[in-house]
Structures are given as C-alpha cells and as structure tokens.
Number of protein chains: 2
Amino acid sequence: MSTRRETVRQALTGSTGFRSAQDLYADLRAEGSKIGLTTVYRALQALSDSGEVDVLRTDDGEAVYRACDSEQHHHHLVCRKCSTAVEIEGPAVEKWAAEVGAKHGFTGVTHTVEVFGTCGDCSKA
Amino acid sequence: MSTRRETVRQALTGSTGFRSAQDLYADLRAEGSKIGLTTVYRALQALSDSGEVDVLRTDDGEAVYRACDSEQHHHHLVCRKCSTAVEIEGPAVEKWAAEVGAKHGFTGVTHTVEVFGTCGDCSKA
DNA sequence: GGAGAAAATGAAAATGATTGTCAAAAAAGA
DNA sequence: TCTTTTTTGACAATCATTTTCATTTTCTCC
Ligand SMILES: [Zn+2]
Ligand SMILES: [Zn+2]
Ligand SMILES: [Zn+2]
Ligand SMILES: [Zn+2]
C-alpha cells in the first residue's frame, strides 16, 4: 500500500467530478506534494484496474477518473461544464444491452452508457 | 464537394466496421491514392461535423469512424475483435436517459450508449 | 480561354497525453 | 544493519491529432 497511491485516491475522493491525470497532478503539486506525473498515471492505472475508480473518455480522448461511492455496476450523469457527476442506475438498460447483444449472436456482451448535460448550478450561469 | 472527401467517404462506406483515420490512410495509400494524412483527418472531421459519419473512442482513446446506413439517432453493437458494427435502437434507453437527466435538474441532456461483444464469426476463432 | 481570388491539399513541424526507461530512494525481510 | 524488492520520478520516447505554410487545384469574373 504505497502512500502515493493513497494520495492520488484521496485527491480523487475530494472531488465530486471526473478528473484527468494532468489535473490531479497539477492540484497535488499546487498543494505542495512532490509527486511525479508518472506516478499519478501509475496510481490511476492501478486504481482503475482494481475497479476502485471509474474511467471515461472526454470528447477529445482524454481519460478522466472518478472515485465513486458505489462499488457496483452503475453509470453516470455528467455535467458538461463542471464535470460533476451523479451515479445512476438503469436496470432496463442493462437488460436491453444484454438482449440486443444476444439477439445478434454476440458473446461476452458489455456496454458503456453515459448521460451528459448541464447541471443545475451551471445552468444558471 | 471535394473529391478527396468523397474518396474518404467511400473508403468508409466500403467497411462494415469502425475505422481509424490512420487505418483509412494506410488503406488508401496501399491502393495507390496520393492522399495525405492531414486530408484524411480533415475529411473525417467534416463528415463527422455534418453528421454523415458516427464517431466513437476506443479504449485507448483513438477515434474511429463509421458511415452508417441510418441517418437517425441510433447506437451500435460493436465487435471487440474485428470492429464490425450493427446499428441498434433502444427507445426505452432514450426515454430513460432523458428522464434521469431531468430528474437531477440537468439541461441539454444527451447520451452515449455503445454495446460491445464478440461477434458470431469471431467467437468461433 | 485566362487572370486573379478563394478553397483544398499535403509535407513537415508542433502539440499534448500517455507510456517506457532506468537509476535513485524507500520499504520490507532477514 | 545488510540485502532484496518495490516504488518513485526525471527524462526520453510514442503516437494520434493539430498547426503551419507553401503549393496546387477550383471558382469567378472578364
Ligand atoms: Zn462511477
Ligand atoms: Zn450498465
Ligand atoms: Zn451509427
Ligand atoms: Zn440514443
């Protein structure tokens, strides 16, 4: 249990939205940490592999991470402006995805589902 | 109506799966075209902007494109191995996404939904 | 058809996120 | 403490994508 990995985890937990590796690195450095960029990437990789954090890609392909409350399978409602996210569930979607996959003879069916919009706070500005 | 853009469009139409810019460029050069990589990128950008082709991101962040039959909003069932894709629809998902967005006070709600798996042909190998 | 303006093209350089390398520093074990 | 293993971080290398910019190809008007 490296302390670095813990540092990154906490930096993520401190945010309600999705954050990029570069973002987190800048924040950590700004608050005095001597952590290296490579280490931030490695920590996020590990956290992501172990399922402790969720990852998604922004429109321009950048990977962003989030330490979600739920350990179970879920999806996100993400604000386009501030990147704040709400964890959401959709049983109907789960079933639909599995069925449509099976219907076309696909195996090992998985899915990615993300909902985007502008959150209440950002809508006012 | 540049002939280059048409060339790229046809290269895409010739494939049933999602293709990357680099892929298409390699193919076009292989078949004798003198097209430049920059032009392929520009053509795909334009086709994507005008909604003529669909775009999605692979796990490693690479953008891949597809010239779909349907002009209407739809989603895809994509093979993880060969990238072949089937156009699918899910009215229930559309409604669910809009509702969950509204319920949390989000405006301008959109969504991305993709289903992945191994297609029948690839499953045999 | 031809001259000049405007748009399209592509080679090469620049960008920017992510990954690889490798030697130093820290942690774990004996 | 001494040795071995793991973690770390500066730096270089990758690689898709974007910018630049000069050249070529269209368009427009005569
Ligand atoms: Zn999540
Ligand atoms: Zn799901
Ligand atoms: Zn499509
Ligand atoms: Zn939809």
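Just so it is clear, the model here is predicted, and its values are computed rather than measured. A note on names: the letters A, B, ... follow the listed sequences, proteins ahead of strands, and every chain is numbered from 1.
Rounded to a whole Å, the CD atom of A/Q22 is 8 Å from the C1' atom of C/dG16. Between the OH atom of A/Y65 and the P atom of C/dA17 there is a distance of 13 Å, rounded to whole Å. One interatomic measurement links the two molecules: CZ of A/R5 to C1' of D/dT8, which rounds to 15 Å at whole-angstrom precision. Whole-Å rounding puts the B/L24 CG to D/dT17 P distance at 11 Å. What separates CG of A/D60 from P of C/dA17 is a distance of 9 Å, to the nearest Å. Rounded to an integer number of Å, the gap from CG of B/L44 to P of C/dG10 is 13 Å. We find that OH of A/Y25 is positioned 15 Å from P of D/dT8, with the value rounded to whole Å.
Taking the six-membered ring wherever Trp is involved, the centroid distance between the rings of B/H75 and A/H111 does not fall below 6.0 Å.
Inspection of the B/H74 and B/E89 side chains reveals no N or O donor paired with an N or O acceptor under 3.5 Å. In the model, A/R80 has a side-chain atom that pairs as donor or acceptor with a side-chain atom of B/T110 under 3.5 Å.
Side chain of A/R4, nearest nucleotide from D/dT18, C/dT18, D/dT8: D/dT8. Here the nucleotide nearest the side chain of B/T39, chosen from C/dT9, C/dT18, D/dA16, is C/dT9.
Taking 4.0 angstrom as the limit, B/T38 places none of its side-chain polar atoms (N or O) nearer than this to OP1 or OP2 of C/dT9. Neither OP1 nor OP2 of C/dG20 sits under 4.0 Å from any side-chain N or O of A/R42. In this model, the phosphate group of D/dT17 is approached by a side-chain N or O of B/Y41 to a distance below 4.0 Å at OP1 or OP2.
Salt bridge present: B/R5 and B/E52 bring a charged side-chain N and a carboxylate O closer than 4.0 Å.
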